[in-house]
Amino acid sequence: MTASRVDLTVRVGPLRLQNPILLASGTCGYVYELAAAVPVQRLGGVIPKTVTLQPRAGNPPPRTVETACGLLNSIGLDNDGIDHFLDHHLPRLSTLGVPLIVNVAGKAPEEFARLCERIDRVADVVAAIELNLSCPNVAGGIDFAVRPELTEGVLRRCRAATGLPLIAKLTPNVTDIAAIGQAAEQGGATAISAINTVLGMAVDWRRRRPRLGAGLGGLSGPAIKPIALRCVWQLCRAVSCPVIGIGGIQSIDDVMEFLVAGATAVQIGTATFYDPACAVRLVDQLPGAVAELGATSVRDIVGSLRFRQ
Amino acid sequence: MQAWSVEEATVLWNRPVARDTWRMALQAPRLADRIRPGQFLMLRLANGRSDPLLARPYALYDVVRLGSTGDAIGVEIVYLVVGKQTRLLTELRPGETAVVWGPLGNGFDAIPPARHLLLVAGGIGQTPFYAFAAERTGVRHYGAEQRTELAEAVVLCYGARSSDLLACVDDFSRLPIEVVLCTDDGSAGRRGLVTEAAAEWLDRPGNWVVVGCGPEPMLRALQQLCGRRGVPCYLSLEVPMACGFGACFSCAVPVRLGGAVDYRRCCLDGPVFDASEVVF
Ligand SMILES: Cc1cc2nc3c(=O)[nH]c(=O)nc-3n(C[C@H](O)[C@H](O)[C@H](O)COP(=O)(O)OP(=O)(O)OC[C@H]3O[C@@H](n4cnc5c(N)ncnc54)[C@H](O)[C@@H]3O)c2cc1C
Ligand SMILES: Cc1cc2nc3c(=O)[nH]c(=O)nc-3n(C[C@H](O)[C@H](O)[C@H](O)COP(=O)(O)O)c2cc1C
């Protein structure tokens, strides 16, 4: 099979993407910053920073600390709220020529639903909504995706509020991610994305203080890839909806590992920070890697992982 | 949003210039062609390693030009060895490569034309001032546009803990500017804080605009000094950055805007801020 003939398109529910490489929320700002240097229209889709109902200043600095092969962050959902997003960012985002997935977070199920209603009114320029059920950085916010019934509740409210595809983004900081995935699907999720960051901490022992302004933070980057792969594989076995893999992806081998483990698509996160053109390069490299398996389509390799009998 | 680009850059030279302080030139024509004084670049070691994972920000020190034609072919940075990446940077040899992206940040173009410029540098904070002083005295130019608002007088007050940490003083001394050196221990120049030297210059007649770059206590002292005297003051801030181009929201700087305090991204809205807005 020649690489030039490989079909890269994938389906996430009713959504058809030109390829399975997306940019992860919170790691590509409002996309225009990156688009000043990188042709983002070549990607399967982009997901700007989480939007909340009210503006949020975010956490005190330092907000990031580098760790061995990883990054700890406690940004704290710094954003100017949904009104500003719709007035200011959306017009710009809708001219980028790449499918836009809007990521939202609420402090209560009603807030999630209201955010979905607002986005539903601009559904002509939005491809899907991703629900950030799992941000570990927000004091006072409930981590919905740690309990199946809360997850299902948020999904039901959102499903009633919009006809757009809903992607439930899950946290790895749970005992049984498969049960949370099933609850999300039960509640009406079109797809599941995993993982958000792994809760972590860094300590400055000389000053006897945490290194992050907020104390705790979320770990991302190559250090978390094995955890992410495990979560994706467990989710794929437990649900029938598409799963989008996220966590430490920086090379074409990483992309292929997630696809073979069952992910329909992947999101590139922290790698964009240290290799801005990473996601676009992965789109270029994907046909060759798929062809290496003798496949003609990305869809043929998704979930083709075999365990030794 | 200004255009920026990613380039694989070849090291042209990399040598020590003071205690723990190195000067490195990188061949990066696209960056060199556009970068302006006070702007910065991100640099990542190109060998595919994951530790250190992130790139680091460095100010433009100077642009390297090709002899006769004067084409900009590279950038020079001056760096202080403080940790993981800067330690590894000292091992880069000419011909080896690193990945760089830029130009990033607002740079000193955020500062209106000034007749009398007082530049105040603490430690490695001197790095952005060479290109700035060279341009505002008409000695060199940077980027596509030729700027012409020259200053009548430029003074650099440059302080360090001791004389062995003062770097590139010869470069500054060759510019048509006044250079005032200060060291904590009196091993070079005046003994004492650089902000004390700066305060004395402000006593002299002139329409001073003050620009500071250095450790936070120095910047805070400058902010207060200029606030008391009603002198315009700009600060170039050094805060940890993960990406440098606005995607990560790590480099949050608290600023006071019309009474309320909010965060701004140092990489996009800075690194140069009006001192009266910065909340320390
Ligand atoms: C706009 C800008 C321009 C800069 N220009 C220069 C320059 O021209 N020359 C130069 O030597 N340095 C400059 N810096 C600082 C430089 O980026 C840091 O020294 C560098 O990131 C340290 O990397 P490291 O891996 O060696 O240290 P690390 O191992 O990452 O850290 C070592 C120590 O330095 C501290 N640190 C890390 N990053 C920063 C930072 N950005 N500011 C202050 N402390 C930090 C850490 O908390 C730690 O204590 C600039 C920073 C900014 C934001
Ligand atoms: C600095 C930073 C900010 C993030 N902000 C968000 C966010 O606002 N919303 C969200 O759903 N995920 C956020 N994430 C999580 C990422 O989208 C992603 O799930 C996680 O980083 C794992 O992928 P990676 O290892 O490729 O980065 C953030 C991650 C980082 C590093």
Side-chain angles (χ1 to χ4, degrees), chain A residues 23-38 48-50 55-80 92 211-213 217 220-223 225 248 250-251 269-278 280-281, chain B residues 1-8 30-31 34 42-46 48-57 83-85 98-105 216 237-255 257 260-269 279-280:
Chain A
L23 293 179
S25 180
T27 61
C28 57
Y30 296 104
V31 193
Y32 74 92
E33 304 93 337
L34 183 64
V38 171
K49 259 179 91 55
T50 291
R56 293 180 51 92
N59 286 327
R63 289 177 169 187
T64 51
V65 173
E66 191 184 86
T67 60
C69 307
L71 175 69
L72 261 181
N73 91 82
S74 62
I75 308 295
L77 301 186
D78 175 340
N79 83 105
D80 291 324
R92 212 163 6 169
R211 285 188 187 275
L212 285 174
S220 65
K225 192 186 79 171
Q250 61 176 357
S251 71
T270 304
T272 300
F273 296 162
Y274 57 83
D275 180 6
C278 179
V280 171
R281 192 177 58 244
Chain B
M1 186 73 201
Q2 66 179 333
W4 54 279
S5 52
V6 187
E7 269 171 286
E8 179 156 326
R30 290 210 281 168
L31 174 63
R34 281 178 292 170
M42 296 293 286
L43 185 153
R44 184 165 190 253
L45 299 166
R49 61 193 308 154
S50 292
D51 192 16
L53 186 66
L54 301 170
R56 305 288 195 257
K84 265 190 198 175
Q85 192 198 60
V99 177
V100 296
W101 54 95
L104 302 166
E216 191 177 306
L237 303 184
E238 256 192 31
V239 301
M241 292 176 177
C243 70
F245 58 88
C248 72
F249 284 68
S250 345
C251 59
V253 173
V255 294
L257 296 163
V261 173
D262 197 5
Y263 291 110
R264 286 288 172 273
R265 282 173 281 183
C266 186
C267 68
L268 282 190
D269 298 314
V279 181
F280 284 111

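Numbered from 1 within each chain, the chains take letters A, B, ... in sequence-line order.
Atom SG of B/Cys251 sits about 10.0 Å away from atom CG of B/Leu237, to the nearest 0.5 Å. Atom CG of B/Leu104 and atom CD of B/Gln2 lie 7.0 Å apart (nearest 0.5 Å). For the atom pair A/Cys278 SG and A/Leu23 CG, the distance stands at 9.5 Å (nearest 0.5 Å). With rounding to the nearest 0.5 Å, the separation of CZ in A/Phe273 from CZ in B/Arg44 is 13.0 Å.
Heavy-atom pairs under 4.5 Å with chain B peak, among A/Leu34, A/Val31, A/Thr27, at A/Leu34. Ranked by heavy-atom pairs under 4.5 Å with chain A, the first of B/Val261, B/Leu54, B/Val253, B/Leu268 is B/Leu54. If you tally non-hydrogen atom pairs under 4.5 Å between each of B/Ala55, B/Gly244, B/Pro52 and chain A, the highest count goes to B/Pro52. When each of A/Gly70, A/Ala37, A/Gly29, A/Ala271 is scored by its heavy-atom pairs under 4.5 Å with chain B, the top score falls to A/Ala37. Ranking B/Asp262, B/Asp51, B/Val6, B/Leu53 against chain A, the residue ahead of the rest is B/Leu53, based on heavy-atom pairs under 4.5 Å. Per-residue heavy-atom pair counts under 4.5 Å with chain A were compared for B/Cys248, B/Pro240, B/Ala3, and the maximum is reached by B/Cys248.
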Audit row: B/Ser5, B/Arg34, side chain to side chain donor-acceptor pair (under 3.5 Å) steps and yes/no:
CA-CA 10 Å; B/Ser5 52; B/Arg34 281 178 292 170; 2.7 Å; yes
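Heavy atoms of A/Thr272 lying under 4.5 Å from chain B belong to its backbone as well as its side chain. Using a 4.5 Å cut-off between heavy atoms, B/Val99 makes no contact with chain A at all. Both the backbone and the side chain of A/Cys69 come within contact range of chain B, judged by heavy atoms closer than 4.5 Å. Heavy-atom distances place both the backbone and the side chain of B/Phe249 under 4.5 Å from chain A. Residue A/Pro60 touches chain B through both its backbone and its side chain, counting heavy-atom pairs closer than 4.5 Å. For chain A, the nearby part of B/Arg56 is the side chain; its heavy atoms alone come within less than 4.5 Å. For chain A, the nearby part of B/Trp101 is the side chain; its heavy atoms alone come within less than 4.5 Å.
The shortest distance between side-chain heavy atoms of A/Pro61 and B/Val239 does not fall below 4.5 Å. Proximity of B/Leu31 to B/Val100: side-chain heavy atoms (C-beta onward) are separated by under 4.5 Å at one or more points. B/Phe245 places none of its side-chain heavy atoms less than 4.5 Å from the side chain of B/Cys267.
In summary, A/Asp78 and A/Arg63 engage in a salt bridge, as defined by a charged side-chain N under 4.0 Å from a carboxylate O.
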